[in-house]
Amino acid sequence: MFLRATRPLFPAARRLSTRASQVLSSLGINHAEPVPGVYDGQWRGSGEHLLSVCPATGEELARVVSASPEELHTTLDKAREAYKAFRLVPAPRRGEVLRQIREEKADLGALVSLEMGKIRSEGAGEVQEIVDILDYGVGLSRMMNGRVVASERPGHSILEIPNPLGVVAVLSAFNFPVAVYGWNLALSFAAGNATIWKPSQTTPLCSIALTKIISEVLERNELPGVLAALVTGAKDVGSAIVESKSVDMVSFTGSEAVGRQVAKTVQSRFGKVLLELGGNNASIIMPDADLSLAVPAVFFGAVGTAGQRCTSTRRLYLHRTIAPEVLSRLETLYASVPPKIGDPLLENTLLGPLHNENAVQIYERALETHKAQHAEILTSSGRYTQLAEGNFVLPVIAVPKHADPGLAGSMWSTETFAPILSVAVFDELEQAIEWNNAVPQGLSSSLWTRDVRHIGQWLGPAGSDTGIVNVNVGTSGAEIGAAFGGNKSTGWGRESGGDAWKQYVRWSAATINFSDAAPLAQGVSFAP
Ligand code: NAD
């Protein structure tokens, strides 16, 4: 919970920097008053207060009033009622509403940078992902096709029919405070569901700003606002949603630890669950790789977003012949970072802060463990003390003593959500693929080579076991067209493009008899 006991919540003379107040007021957020954090058709909130804190400056951006248990249950009831009418609205008409949301112009990217901490260009990129998936949702609304299946019985047809599912809850993580919801909403709305969003408790303002935009479009179309409901809150609100039988599907994005609990709870009530959990992503560089492409991609994958993407590059496997050259180039790039550490809202900043103090402590603990295990640290490391108000840290390259992720206590096998890149050297591609696959997580991986035989091996049955398997493209950053998600402890979920929409509907197999006889399948006879 973000109530801070040590100092008053809102000191009487609380002042916000000009940059912060400009971003908030441009999005209609009145930071001087507690901001209602529940939207069920009306804005309200009577639960605990969440503090939104800027990770770059430590300033308190606003206080958000989260959902009380009663408000959560009322919102769920209203969402169910709204769904009953909405499921009858033709899908292309639902797509038209998505098109109108897509047309809304608002600089949400600046708020993403302010509240989450990613740099301006990445904040803008995150908003672009919403635009892209809304485009996709518009098209999808005319393409959610079922199938006609050949029947073995004369005069019979079998149909596979998608229908709306009901109420879909989206529980999202802090690091993509708007895009992950966008991915879910576009598909869920096109499919005819009511969607209820429980964002991260540390990025409530992003969720409020986006919900305001969506709600205005729903109102214009005389649709109930609760079709895109918002309930801000901490883990108690999240777990109440997960437990609720009123929620047909929980789409959860977050850590493996919380995802495990969410999965158990939803499955125990036979609900549907879609999991997008932690990643621990590796890049492998072969001797024939174009290093002028591979090195900058690894640099972006490991340092970009301060290592706070689920797809961030955390492991780097280098062929022995090119390892010295790659490390030398990376060290030069890493050394160029400190002058560009700073306020993510400034155009020339390359590295913003970690999201909060807890993340800094996780980074520091990981560094300590690396050192205790005799890893070689190739770069400067630790807190970036020149900007003491924010959660800034230096990006690190570490070469652990042992490369085997299977060793007890190995740093290779856990996701440290910070800019720490671990490096090992290999001699054969088989060895690198084995290491790539030896961790619990299975989100993203990338191979750098020009050799078609290596590409075939990498993409084939004995290749990488992750959900995203790239060639000459880094681990980080994906387009919305393909289904996004990971295997193993990343949760097996798929969101965004591809066939991901099929999870947001309920499927029926319908056998229709057009004939004058009623034969049983498989030739079964049951005559008295
Ligand atoms: P988190 O697991 O701490 O929180 C995620 C969400 O779960 C938040 O909304 C939080 O309030 C809620 N929550 C916390 N405890 C809960 C409980 N007991 N019951 C129900 N809900 C609960 O994750 P985070 O720190 O916000 O995000 C970082 C993690 O998310 C990283 O592991 C990252 O890899 C992962 N992530 C994965 C993807 C993906 O697509 N695979 C995308 C983004 C982030």
Side-chain angles (χ1 to χ4, degrees), residues 1-2 37 47-48 50 55 64 66-67 72 115-118 126 129 169-184 196-204 206-207 230-244 247 250-266 271 273-281 305-314 354-359 361-362 414-418 439-444 466-468 475-478 480 482-496 500:
M1 215 36 246
F2 293 87
E48 287 183 283
L50 307 174
V64 170
S66 69
L72 171 61
E115 192 179 41
M116 182 275 158
K118 62 179 69 174
E126 176 162 356
E129 280 195 54
V170 181
L171 273 55
S172 59
F174 78 84
N175 66 325
F176 275 88
V178 292
V180 163
Y181 174 64
W183 290 359
N184 279 278
I196 178 165
W197 182 15
K198 208 300 281 172
S200 167
Q201 62 272 36
T202 55
T203 55
C206 287
S207 64
L230 174 69
V231 282
T232 58
K235 72 176 186 188
D236 48 339
V237 177
S239 51
I241 291 176
V242 169
E243 283 161 18
S244 172
V247 174
V250 175
S251 172
F252 176 84
T253 300
S255 58
E256 291 156 78
V258 177
R260 181 172 279 121
Q261 294 170 33
V262 168
K264 280 184 189 161
T265 307
V266 179
V273 66
L274 192 168
L275 299 173
E276 297 282 355
L277 311 179
N280 187 2
N281 317 294
T305 335
Q308 297 169 108
R309 286 186 185 223
C310 51
T311 52
S312 288
T313 310
R314 309 206 180 280
L354 289 181
H355 186 54
N356 53 28
E357 175 58 29
N358 187 37
Q361 286 174 13
I362 290 170
T414 48
E415 178 197 48
T416 301
F417 217 56
V439 299
Q441 307 80 2
L443 181 51
S444 183
T466 61
I468 298 166
T475 63
S476 173
I480 58 96
F484 178 97
N487 304 333
K488 304 192 296 181
S489 75
T490 304
W492 303 100
R494 293 296 183 271
E495 278 176 354
S496 198

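Each ligand, and each atom within it, is numbered from 1 in the order the structure gives.
- Atom 6 (C) of ligand 1 has its nearest heavy-atom neighbour, among S172, G254, A359, in S172.
- Of the listed options V258, T253, T416, T253 places a heavy atom closest to atom 5 (C) of ligand 1.
- Contact check for L354 versus Q308: side-chain heavy atoms found under the 4.5 Å cut-off.
- Close approach of ligand 1 to S239 is summarised as follows: ligand atoms under 4.0 Å from at least one heavy atom of the residue are 19 (N), 20 (C).
- Contact between M116 and P55 at its shortest, heavy atoms only, is O-CG, 3.4 Å.
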**Prompt:** After noting the C-alpha distance and the side-chain angles of V250 and V262, does the key distance pass the side-chain contact (heavy atoms from CB on, under 4.5 Å) rule?
**Reply:** CA-CA 8 Å; V250 175; V262 168; 4.1 Å; yes
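- When hydrogens are left out, the protein atom nearest atom 36 (N) of ligand 1 is C310 CB, 3.7 Å; that is the closest non-hydrogen contact.
- When only non-hydrogen protein atoms are considered, atom 41 (N) of ligand 1 lies nearest to L277 O, 2.7 Å.
- At least one side-chain heavy atom of P204 sits under 4.5 Å from a side-chain heavy atom of E115.
- Rounded to the nearest 0.5 Å, atoms SG (C310) and CG (N280) are 12.0 Å apart.
- The shortest N or O to N or O distance between E415 and ligand 1 is under 3.5 Å.
- Under a 4.0 angstrom heavy-atom cut-off, G486 registers as lying outside contact with ligand 1.
- The closest protein non-hydrogen atom to atom 14 (C) of ligand 1 is K235 CB, 3.6 Å.
- Ranking protein heavy atoms by distance to atom 23 (O) of ligand 1, first place goes to S255 N, 3.5 Å.
- Within the listing of ligand 1, atoms 18 (N) sit less than 4.0 angstrom from a heavy atom of Q261.
- Using a 4.5 Å cut-off on side-chain heavy atoms (C-beta onward), K198 and S172 make no contact.
- Between N175 and ligand 1, a contact under 3.5 Å exists for no N or O pair.
- For the pair F484/I468, a side-chain contact is recorded, criterion being any heavy-atom separation below 4.5 Å from C-beta on.
- Counting only heavy atoms from C-beta outward, the side chains of N487 and T466 never approach each other to under 4.5 Å.
- Annotation: G233 places no N or O atom under 3.5 Å from an N or O atom of ligand 1; distance criterion only.
- For E495, no heavy-atom contact with ligand 1 is shorter than 4.0 Å.
- Remark: side-chain polar atoms of S244 are not paired, donor with acceptor, to backbone N or O of A240 under 3.5 angstrom.
- Taking distance alone, with nitrogen or oxygen atoms compared against 3.5 Å, Q201 approaches ligand 1 more closely than that limit.
- The P199 neighbourhood of ligand 1 comprises atoms 9 (O), with distances under 4.0 Å to a heavy atom of that residue.
- Ranking the protein heavy atoms by distance from atom 27 (O) of ligand 1 puts A173 CB, 3.2 Å first.
- Among all non-hydrogen protein atoms, the one lying nearest atom 12 (C) of ligand 1 is K198 NZ, 4.0 Å.
- The protein atom (non-hydrogen) at minimum distance from atom 24 (P) of ligand 1 is F174 CD2, 3.7 Å.
- Each of the following atoms of ligand 1 lies closer than 4.0 Å to a heavy atom of L171: 20 (C), 21 (N).
- Shortest contact from atom 7 (O) of ligand 1 to any protein heavy atom: F252 CE1, 3.2 Å.
- Between V262 and ligand 1, no N or O atom pair is found at a separation short of 3.5 Å.
- Looking only at atom types and distance, the side chain of N281 has no donor-acceptor partner in the side chain of T311 under 3.5 Å away.
- Across I241, V258, V237, a single residue satisfies side chain to side chain contact (heavy atoms under 4.5 Å, CB included) together with L171, and that is I241.
- Contact of the P199 side chain with the T232 side chain is registered, since non-hydrogen atoms from C-beta on lie closer than 4.5 Å.
- At least one side-chain heavy atom of F252 sits less than 4.5 Å from a side-chain heavy atom of L277.
- The shortest separation from a heavy atom of F176 to ligand 1 is not under 4.0 Å, leaving the residue out of contact.
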